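Note on naming: letters A, B, ... go to the chains in the order of the sequence lines (proteins, then strands), and numbering restarts at 1 for each one. Computed from a prediction, not measured in an experiment: that's the story for all the values here.
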Amino acid sequence: MAGAPAREEGGGVTVTAVIEIRELHKYFGDLEVLKGIDFHVNEGEVVCVIGPSGSGKSTLLRCVNRLEEPTSGTILIEGEDITDLDADVDALRTKIGMVFQQFNLFPHLDVMGNLTIAQTKVLKRSKEEAARIAHDVLERVGLLDKIDEYPIRLSGGQQQRVAIARALAMNPDMMMFDEPTSALDPELVGEVLDVMRKLAKEGMTMMVVTHEMGFAMEVADRVVFMDDGVVVEEGKPSEVLQEPKTERARRFLRMVTAK
Amino acid sequence: MAMKPRQRQRLFRWVMYAIAAVVVGLAVLVGDWERIGFNFFNLEVMGRMFPEVLTIAARNTILYTLMSFAIGLVGALVLALMKLSTIAPYRAFAIGYIELFRGLPALITLILIGFGIPIAFDFRMPGGRVGAGVLGLSIVAAAYMAETIRAGIEAVPRGQSEAARSLGMSQNRTMYTIVLPQAFRIIIPPLTNEMVLLIKDTSLFFVLGTTPLTKELTKFARDFMVEIRNATPLTVAALVYLAITLPLTWLVRRLEKRAAVSR
């Protein structure tokens with residue numbers, strides 16, 4: 001397994017769920033956006049979550065590292081309940097790499113600063129070690145030559161690849177992608193998907209909220225279709241994307257492929 | 001008479017220029033230039049003000065401003081964080097403080113601090129009257145700058161703190177390493193404006209009483225004006241104020257232009 005350190009629990013042959021969600025409900029005020037979600041991601045698995053906008057897929061992903069507070073339900077990360085009020089959320093988040101639609105690079109820091117600040121401040125790595133790791137991850141996303149640039153000088157695709165590198169620099173056990181290519185110009189989507197494809201091949205555990213059906217078809221081990229706050233259908237990409245069982249999934253897929 | 005809009009605009013502009021020319025012309029013709037020169041631009045009086053107007057008065061003005069600004073900035077940061085806090089009593093305190101000291105004239109705050117506190121608590125202010133003045137002005141400046149800092153913090157996109165929190169940074173570390181550096185970049189121009197206002201507010205220090213060595217520009221000029229019965233000291237003080245404030249406002253314009261370009 002690339003990068004991620006082996007954990008004691010689930011180190012054996014048995015498949016273990018690194019993310020396990022049970023009966024998750026989330027309200028925004030009176031609006032129920034997640035209506036009892038059961039969901040899991042196994043170690044080394046790539047799960048793509050698809051569905052119309054407003055279906056709750058981004059909220060589900062953001063609940064996994066508690067950027068959104070779940071209203072009720074359980075979320076186990078590597079067996080640890082993170083909805084527990086006493087859970088050390090900061091420590092937990094270092095295990096979960098997060099990539100946003102809007103990249104969210106720190107504009108006041110250069111690429112090197114973006115890649116090292118959390119390493120040194122949170123993981124307490126030495127400056128030298130953090131810089132070495134920054135070099136490594138930047139090379140993996142193919143942007144070593146941009147190490148001294150400021151984010152504003154990079155294209156959207158390059159910014160997103162740096163954002164992926166920033167998450168990887170923390171040696172996370174899993175990576176979350178929240179519509180990582182939705183804010184990109186069409187010609188820049190490919191370079192970001194290439195990086196994600198490579199990560200998947202290296203065995204990274206990934207949860208990807210996306211509208212890229214081609215990517216889901218090719219890379220995902222499992223596709224989850226959500227609509228109106230519930231998981232409507234899930235299974236192998238070929239099943240969900242090519243022979244959907246429900247009318248709702250059929251209608252959604254017709255609309256995205258018609259584009 | 002039918003006129004095209006552009007012609008009408010041009011005519012209007014020429015009328016404006018004519019009115020301005022008439023007003024300036026009348027002032028030049030009617031004004032008694034000998035008396036104006038003697039009372040406001042008296043070179044002999046000017047000569048007698050130096051070097052004290054710079055070595056004491058201007059120096060004190062700058063010193064009082066910088067001290068009040070520094071202390072006020074720290075107070076403002078604390079108030080801004082309290083106002084953005086999720087803890088209701090902190091928010092209530094910040095709102096009460098800001099509304100109170102923005103609502104009061106700075107003069108009254110200075111008197112309350114300078115005379116009220118020593119009387120009420122039998123307490124001698126460290127730094128004496130200057131100390132009381134600096135404290136009073138810091139309290140007022142903190143109230144004004146708190147709102148500026150809060151606006152700056154809120155102008156930093158939410159995604160920035162979400163990204164920082166996702167990397168495992170605590171709420172406080174996110175604030176100090178990610179949000180505040182970006183917020184301050186946004187608010188340097190308005191903060192510099194606050195400093196220009198503070199420079200002028202140091203002229204209120206006189207209410208607390210002064211010694212020859214603690215006078216700032218306005219008090220220094222006023223006392224000298226009364227002593228020699230000539231208004232030239234005010235002219236000199238005005239020019240010194242401008243010599244301090246104009247470079248600052250010029251700097252603000254530069255910073256704003258640069259901020260606009262980098263965005």
Side-chain angles (χ1 to χ4, degrees), chain A residues 58 61-69 88-109 113-125 130 150-153 159-160 162-172 174-179 183, chain B residues 73 76-77 80-81 84-88 90-91 145 148-192 251-252 254-263:
Chain A
S58 281
L61 180 130
R62 288 160 58 86
C63 279
V64 170
N65 73 350
R66 265 180 68 181
L67 278 184
E68 302 290 354
E69 286 295 334
D88 185 350
V89 182
D90 291 339
L92 187 112
R93 281 173 175 154
T94 62
K95 300 184 199 169
I96 308 174
M98 182 90 180
V99 176
F100 299 86
Q101 184 177 347
Q102 299 296 341
F103 332 134
N104 294 343
L105 292 180
F106 306 131
H108 62 301
L109 302 173
N114 268 279
L115 294 178
T116 53
I117 188 159
Q119 290 192 64
T120 52
K121 304 265 182 192
V122 178
L123 300 180
K124 309 290 176 200
R125 287 178 183 153
Y150 278 82
I152 198 162
R153 311 260 305 161
Q159 287 192 46
Q160 193 61 298
V162 171
I164 293 172
R166 179 175 66 177
L168 288 175
M170 303 295 282
N171 294 98
M174 63 201 86
M175 291 280 288
M176 309 281 112
F177 295 84
D178 188 3
E179 303 198 26
Chain B
L73 193 61
L77 181 58
L81 293 176
L84 291 169
S85 166
T86 51
I87 300 162
Y90 288 177
R91 279 204 308 274
M145 293 194 287
T148 309
I149 295 178
R150 180 193 57 78
I153 290 172
E154 288 186 331
V156 177
R158 231 182 114 70
Q160 288 293 310
S161 43
E162 286 185 351
R165 298 303 304 271
S166 295
L167 291 166
M169 292 191 199
S170 68
Q171 202 176 340
N172 286 338
R173 192 183 297 286
T174 299
M175 184 56 79
Y176 295 123
T177 58
I178 303 300
V179 178
L180 282 182
Q182 296 181 54
F184 269 95
R185 212 162 286 197
I186 299 169
I187 62 179
I188 281 175
L191 281 185
T192 315
L251 189 71
V252 172
R254 285 260 328 234
L255 291 171
E256 277 173 342
K257 215 177 273 174
R258 229 183 50 181
V261 168
S262 77
R263 224 169 274 150

Asker: Quick one: salt bridge (charged side-chain N to carboxylate O under 4.0 Å, His left out) partners of A:R153, sequence neighbours excluded?
Answerer: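 Only A:E149 meet the salt bridge (charged side-chain N to carboxylate O under 4.0 Å, His left out) criterion with A:R153.
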
Asker: Who in residues 163-175 of chain B is close to chain A, using a strict under-4.5 Å heavy-atom cut-off?
Answerer: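 So the qualifying residues are B:A163, B:A164, B:R165, B:S166, B:L167, B:G168, B:M169, B:S170, B:R173.
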
Asker: Does B:Y90 OH have over 12 foreign heavy atoms under 6.0 Å away?
Answerer: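 It does not: B:Y90 OH has 12 such atoms or fewer within range.
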
Asker: Give the member of A:M98, A:Q102, A:R62 that has the highest number of heavy-atom pairs under 4.5 Å with chain B.
Answerer: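 Option with the top pair count is A:R62.
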
Asker: Residues in side chain to side chain contact (heavy atoms under 4.5 Å, CB included) with A:T120, at least two apart?
Answerer: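 Counting only residues at least two positions away or on another chain, A:T120 forms a side chain to side chain contact (heavy atoms under 4.5 Å, CB included) with A:A130.
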
Asker: A:H108 side chain to B:R185 main-chain N or O, any donor-acceptor pair under 3.5 Å?
Answerer: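 No; zero donor-acceptor contacts below 3.5 Å.
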
Asker: Measuring from A:N104:CG to B:I178:CD1, what's the distance to the nearest 0.5 Å?
Answerer: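 Result: 11.0 Å between the selected atoms.
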
Asker: Specify which of A:N65, A:I117, A:L67 makes the most heavy-atom pairs with chain B at under 4.5 Å.
Answerer: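 Answer, by heavy-atom pair count under 4.5 Å with chain B: A:L67.
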
Asker: Using non-hydrogen atoms only, which part of A:F106 is less than 4.5 Å away from chain B: side chain, backbone, both, or neither?
Answerer: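 Both backbone and side chain.
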
Asker: Identify which of A:K121, A:Q119, A:R166 forms the greatest number of heavy-atom pairs closer than 4.5 Å to chain B.
Answerer: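 Highest number of heavy-atom pairs under 4.5 Å: A:K121.
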
Asker: Let me have the donor-acceptor pairs involving side chains of residues 151-160 of chain B, under 3.5 Å, with sequence neighbours excluded, atom names and distances please.
Answerer:
{"unit_1": "B:E154", "atom_1": "OE1", "unit_2": "B:R150", "atom_2": "NH1", "d": "2.8"}
{"unit_1": "B:Q160", "atom_1": "OE1", "unit_2": "B:Q182", "atom_2": "NE2", "d": "2.9"}
{"unit_1": "B:Q160", "atom_1": "NE2", "unit_2": "A:L105", "atom_2": "O", "d": "2.8"}

